[in-house]
Amino acid sequence: MSDEQYDPQALQAKWQQRWERLEPYRAGEDPADERPRRYMLDMFPYPSGDLHMGHGEVFAIGDVVARYWFLRGYNVLHPIGWDSFGLPAENAAIKRNEHPATWTYANIETQANSFRRYGISFDWSRRLHTSDPDYYRWNQWLFTRFFERGLAYRKGGLVNWCPNDQTVLANEQVVNGRCERCGAEVVRRELTQWYFKITDYAQRLLDDMDQLTHWPERLLTMQRNWIGRSEGADVLFEIEGRDEPVTVYTTRPDTLYGATFFVVAADAALADEIVTDEQRPAFEAYRAEVAKLSDIERLATDKEKTGVFLGRHAINPVNGERIPVWAADYVLSDYGHGAIMAVPAHDQRDLDFALKFGLPVKVVVHTGLADPAETGQATPGEGTLVNSGPLDGLGKAEAIAKIVEILAAEGRGRATVNFRLRDWLLSRQRFWGTPIPIIHCPDCGEVPVPDEDLPVTLPDMRGEALAPKGVSPLAAAEDWVNVACPKCGGAAKRDTDTMDTFVDSSWYFLRYTSPGYSEGPFDPEQVRRWGPIDQYVGGIEHAVLHLLYSRFFTKVLHDMGMVNFTEPFVRMLNQGQVINGGKAMSKSLGNGVDLGKQIDEFGVDAVRLTMIFAGPPEDDIDWADVSPAASQKFLARAFRVMAEAGAAGAPGADFAAGDIELRKVTHRTIDEVTRLIESYRFNVAVARMMELTTAARRAIDSGPGAADPAVREAAETLAIMLSLVAPYAAEEGWERLGHGPSIARATWPEADPSLLVQETVTCVVQVAGKVRDRLEVSPDITEDDLRALALASDKVRAHLSGDPRKVIVRAPKLVNIVP
RNA sequence: GCGUCCGUGGCCCAACCGGCAGAGGCGCCGGCUUGAGGAGCCGGAGGCUGCGGGUUCGAAUCCCGCCGGGCGCACCA
């Protein structure tokens, strides 16, 4: 019976080769192809080495969906590519004294081979690598378009600097004061950098979330928090001795009468401008102190308030009161206007500051709570306005409306909206990325490289030349840097920074629709045909990185008339992590599990099945809790059913002649698995496949036997359903059942409704909520009949002493009698 | 601290709209098979659904409060 042995490695060798020849997963390109289209995408990998367990999970999940769509008859686009620019390649190049491309493309080949073995249903013909000049030239082209529209600009300011990676970072890449990539503490530096004006799209990024009805709620919440919209008012304060008034932003203009001091961000230009000569030494000392703090120290919530008096006073516009102006680091220079009015009675931060420096506290909202000056607890809640002139007696909402009206009439303020979101800092002082296509000309300024000169390719640099020096390595490539200005022809220099690699990934999903296109980043016709992406699968860690940036890019491209939708990803699934023993796998813990070794030991199918069966796709998988060996056992069992059924008969049997009991199981399974796959409960779907396998096994051993058409029907059904998760076993089983390759071209089975109806159902009869009897009844029994039947039951009557008070009938499944 | 999701046999996990707590897997125990082991096949045990209250004829499911955990936010005025 060795013929029915399940030998995963042999099947892999056999079918991987055949699939490569058959290409069953190529997206249909024929414009006359009438099949409905679906676009399935997994977040493309960074080629850091071979594929790891995390990849194994994402791609196994995505493949269930893609393969299901193939079987449902869709024209499916399921592409793969590599996010191949980035720091690790550069670091490897320095260490090995070679070009970053060497390491990068070697890893890509390794991963591509592993993907092929892993049996993912990719359309390999659309493969792309973001580090190819053919790809990154379009980054440059897009950058130029953004620049022309004022969406890419350069400005100076304090930026996040990673001392380990020796480059600046976007706000999104700083997590709790640490570099998102390497974990080093980020410091702040004053630098001139390129930005994308994502803040122009803040409101739309928020509004269009209405379209994202198939995104996980927590992901939307993260983006909402990140964008951080708030409503409030701008209020103008005069500063004694300064001509222009200073604007502050507040969400509580109703508390304006309670402002007892004024705070300017210590690092804001305004502080430096208005500090008096007398206070300057103290201010400068303070500012230097603050500059030394890391983000982690600065943002510690339990940190004591610090600050320094600037020697000046501001005038409260509503009552003319003189209030002292301080500098402090709890006010941020890049939010609002970098200055605030402080209302210590009703804002905890202001109160902490006031109590520390002995500043007055004035209650203007009566909340019924104790005096903040006494308790140290600010009262930020609602109440009735007091000590506030025309606002007295009003509630919060009325007071805000009224004060805004008054301020507006006097030209001293207006209602406004603010966002926490900052512009996207995109320049990086590293080599292995897309050169920014700008030429700096002493006469013409920032001149974009003309489209016909794109791509600006990277100069050939390797090894030590790439070592981080705090400025881009490109600056050292003099032949490359020095160019003629495209406008005036004079001597000029290229910008030496490269783009954040998140630029690359912000539009790659559009390129897949026409990867060879040379007239633009993508063929708008093909994007219309395939887009937007029906299902995207990837990690939640990209919530306010890649997923936010891609949404922004899509909107800009929409405004440019290049795409016909405003949201790129219709449905989003965040898979969980693969962990081991309750902890993330890591080298330092020594608890890593190697995907390749798991596959060597258990086979691709068993590893994939384990990933899918472990639990809901968004849950973490603890590899210590699951059993690839058990998966392999199940696959062997399923395989034997297919092989035995195949050996006992031929395709085309009349299923209707088969064993009715098994047929019912098969069709109930089809019905349930279809629903389970469509609702993404893949783990439960696998459980149903296991049951079907058991039922078929029983039919072979102790029922009608392997030759019964119902057994064949069950086996064929099993093969097709199993192919979503275990393509090798399924494909071989399909062949044993007498079908030609590939199972990817088979049709998803349909349940016969006549086989789903049950002749009888078990009705539970309860007395006072306790089960006392079970009745076999017809599914369409009437309530009255069921009630009579239940009351006639001896077992029920044994628990009744007289007439029941109430009888609840839920035909046909339940009767509850209340005695 | 605030918000949010979650807590079901020893373990991973099911349970449609509130209606018999258990589908599937791991582990454990037993039987058949085998020279033995493994594999295979068949069967079994195992629970106050985190705790306390409430709504209901009926609660794992809905509501409130605790306890424990995950995630997010946390000087953004």
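The figures here come from the full heavy-atom set of this structure, side chains too, leaving out hydrogens, waters and symmetry mates. Each chain gets a letter, A, B and so on, in the order its sequence line appears, and its residues count up from 1.
- B:U55 and B:C17 have their P atoms separated by 25 Å, given to the nearest Å.
- Between A:I808 and A:Y335, the residue anchored closer to the 5' end of RNA chain B is A:I808, taking for each the nucleotide with the nearest heavy atom.
- Glycosidic torsion of B:C28 falls outside 90° of 0, placing the base in anti.
- The shortest distance between the side-chain N/O atoms of A:R698 and the OP1/OP2 oxygens of B:C42 is below 4.0 Å.
- We find that CE of A:M690 is positioned 10 Å from P of B:G24, with the value rounded to whole Å.
- The distance between atom CZ of A:R675 and atom C1' of B:A15, rounded to the nearest whole Å, is 14 Å.
- Looking at heavy-atom distances under 4.0 Å, A:R810 makes contact with a base.
- Considering only side-chain N and O atoms, A:R637 lies under 4.0 angstrom from the phosphate OP1 or OP2 of B:C41.
- Straight-line distance between the C1' atoms of B:G24 and B:G9: roughly 14 Å, to the nearest whole Å.
- Between B:A21 and B:G68, the distance separating the two C1' atoms is 23 Å to the nearest Å.
- Using a 4.0 Å heavy-atom distance criterion, A:T221 is classed as making no nucleic acid contact.
- At the heavy-atom level, A:S230 lies under 4.0 Å from the strands shown only through sugar-phosphate atoms.
- With hydrogens and angles ignored, a donor-acceptor pair under 3.5 angstrom links the side chain of A:R688 to the base of B:A23.
- Proximity note for A:R697 (side chain, C-beta onward) versus B:C41, B:C13, B:G19: the nearest is B:C41.
- B:C71 and B:C16 have their C1' atoms separated by 28 Å, with the value rounded to a whole Å.
- Spacing between B:C67 and B:G52 at atom C1', rounded to whole Å, works out to 10 Å.
- With both ends at atom P, the span from B:A39 to B:C28 equals 11 Å, rounded to whole Å.
- At a threshold of 4.0 angstrom between heavy atoms, the contacts of A:V764 include nucleobase atoms, whether or not backbone atoms are also involved.
- Taking the six-membered ring for Trp and the full ring otherwise, the centers of A:F261 and A:F353 sit less than 6.0 Å from each other.
- The gap from the P atom of B:C57 to that of B:C66 amounts to 28 Å, rounded to the nearest Å.
- If you check the side chains of A:S230 and A:N418, you find no donor sitting under 3.5 Å from an acceptor.
- Centroid-to-centroid, the aromatic rings of A:Y195 and A:W424 stay 6.0 Å apart or farther.
- Protein atom CG of A:L609 is 19 Å distant from nucleotide atom P of B:C12, rounded to whole Å.
- Close to B:A77, at under 4.0 Å from its OP1 or OP2, lies no side-chain N or O of A:N418.
- Counting any heavy atom pair closer than 4.0 Å across all strands shown, A:V331 reaches a base atom.
- A side-chain N or O of A:D267 and one of A:S333 form a donor-acceptor pair less than 3.5 Å apart.
- Across A:T255, A:D254, A:T379, A:T367, a single residue satisfies side chain to side chain donor-acceptor pair (under 3.5 Å) together with A:H346, and that is A:T379.
- For B:G19, the paired nucleotide is B:C57, the pair qualifying as Watson-Crick or G-U wobble because both relevant distances are below 3.5 Å.
- Residues A:R787 and A:T782 bring no donor and acceptor atom of their side chains to less than 3.5 Å of each other.
- Between the CD atom of A:Q348 and the P atom of B:A77 there is a distance of 16 Å, rounded to whole Å.
- Panel note: side chain A:N316, backbone A:V318; a donor-acceptor pair is recorded below 3.5 Å.
- At a threshold of 4.0 angstrom between heavy atoms, the contacts of A:N816 include nucleobase atoms, whether or not backbone atoms are also involved.
- With a 3.5 Å ceiling on both atom-pair distances, the Watson-Crick or G-U wobble partner of B:C28 is B:G44.
- Residue A:R681 is classed as a sugar-phosphate contact, given heavy-atom separations below 4.0 Å to backbone atoms only.
- For A:M222 and B:U4, the CE to C1' distance is 12 Å, given to the nearest whole Å.
- Taking atom CG of A:D619 as the reference point, atom P of B:U8 lies 12 Å away to the nearest angstrom.
- Here B:C13 presents its C1' atom at 13 Å from CG of A:D622, a figure rounded to the nearest Å.
- Here the P atom of nucleotide B:A77 and the CG atom of A:D352 are 17 Å apart, to the nearest Å.
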